[in-house]
Amino acid sequence: MKAEVIQEGMIGLEIHVYLVTKEKLFCKCIASREKGLKANTNICPICTGLPGAKPMLPNKVAVEKAVQVGLMLGCKINNHLIWQRKHYDWPDLPKGYQNTLSGSFAVPVGEKGKFHGITISSMHLEEDPASWDPETGCVDYNRSGLPLVEIITAPDFSTAEEVIDWLKKLLHALAYLKAADTNAGIKVDVNVSVPGISERVEIKNISSLESIGNAIDYEIERQRKDKCKEKETRRYDSTSGKTVKMRSKEDAEDYRFLSDPDLQDIIIDQKMISLMKESLPEAPEIKLEKLVKKYKIDEENASILAKHIDIVEFFERVADKIDAKFALPWVTVELLRFLNYHSTTLDKVNIDPEHFIALIMLVRDGKITPLKGKEILNQFYPKSFVPNAGEGKISDVKELEKVARDVVAKNAKAAADYKAGENKSFDFLMGEIMKATQKRADFKIARNVLEKVLKN
Ligand SMILES: [Zn+2]
């Protein structure tokens, strides 16, 4: 497909990612992006920009998480950061400016990074404005003041596919970091130009990977046709699949950046940066490689495990103590089924790897049946599980014979049917034995015992 080279553009991205924090950036309001939250629930004079309200010291957790994101992107972290006011007039911004660590005179949190081959020009922290509905005129301040990180790449991409592929890797790595709320989605501004043909066009605020890909393809094609000579800002209309002109591009000075006298500078010492660097989780591709090479897991199962950092780290701890192949289905099938069934995640349930190991060891050593093991798992099994009397596997022939006779006596018709050649009745009687023993009967032994009982 080399003939398509001519269609390639120069594409750069500005990605907005929401940070996970309990509170907003400059006030104590709850930072919630919960969908369907009643408008203007988490608000105060600071985040609604009431006259005279002054910001509190910036949320320390937000600053730390922004630094972690910068480190993950391979950026150089700057030690002295100065808050700026970025001015613009819009109904979502009552104080008339947004507080940001970006801008003409600002030092970004991180710069000169590289992530999967793409240069990160800079990344910084800023507050989200409110949300304004132009149809109703209503402004909802729940979002106002939430911390977000903006990541700016060099125009290193040439095609929509490259962009999508890279964004998926970015989202995966951010989810590993747990610093970014990837469930809250991302907002991406895409800059597109076709070298030698058109000026740079910025497409604002696209929020799905599919729309990003479609917008880039449409824009490259349009610029090649129209040979646009003017910088402009457009938006993507997903219904028509087209980009629409919003305005001629503002230059940076239109925002009248100025350092904010209400906010102190942030000083990040080198020691803190080193500590954070050490505590970064391994990247998804490193985890995948480890699963395949160290634990000898096939690629399909490795990618299931590597999807979530909690699951892969849990598996690593388990597989360091017990054969990885034996442990694999207990994690990829049983544990994931259990979490899906309860619509929860590993960090929200009380399952300690040590206890999980103890449980599957009991199954491995034949002390309990796999069925019993699953049942215990389903009950959020107790912290230190040892099978006590009444919970272990029943392998005693005499005990099982008693159960089998009892079952046969209670189900005389099924027993007669089996003797008349109805094999299905045997499975039914086995089911009754498992029921009567609360799934504790050793399946093989119980089968033999039942056969014997039925012959008599
Ligand atoms: Zn507030």
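Just the heavy atoms: all of them, side chains too, but no hydrogens, waters or symmetry mates, feed the values below. What you are looking at is a predicted structure, and each value in this text was computed from that prediction instead of being measured. Start at 1 and go down the list; that is how both ligands and their atoms are numbered.
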Is Glu354 salt-bridged to Lys321, going by a charged N under 4.0 Å from an acidic O?
yes
Give a yes or no on whether Glu299 atom CD has more than 12 heavy-atom contacts from other residues, nucleotides or ligands under 6.0 Å away.
no
One pair to check against side chain to side chain donor-acceptor pair (under 3.5 Å): Glu219 and Thr243. What are the steps and the verdict?
CA-CA 7 Å; Glu219 192 55 28; Thr243 63; 2.6 Å; yes
Does NZ or CZ of Lys86 fall inside the cone over Tyr97's six-membered ring, less than 6.0 Å from its centre and within 45° of the axis?
no
Quick one: list whatever passes ring-ring contact (aromatic ring centres under 6.0 Å, His included) with Tyr176, sequence neighbours left out.
His172
Step by step, would you call Glu202 with Arg234 a side chain to side chain contact (heavy atoms under 4.5 Å, CB included)?
CA-CA 6 Å; Glu202 182 179 29; Arg234 301 177 75 88; over 6 Å; no
Under 2.8 Å from the Zn ion (ligand 1), how many protein N/O/S atoms do you get? Just the number, please.
4
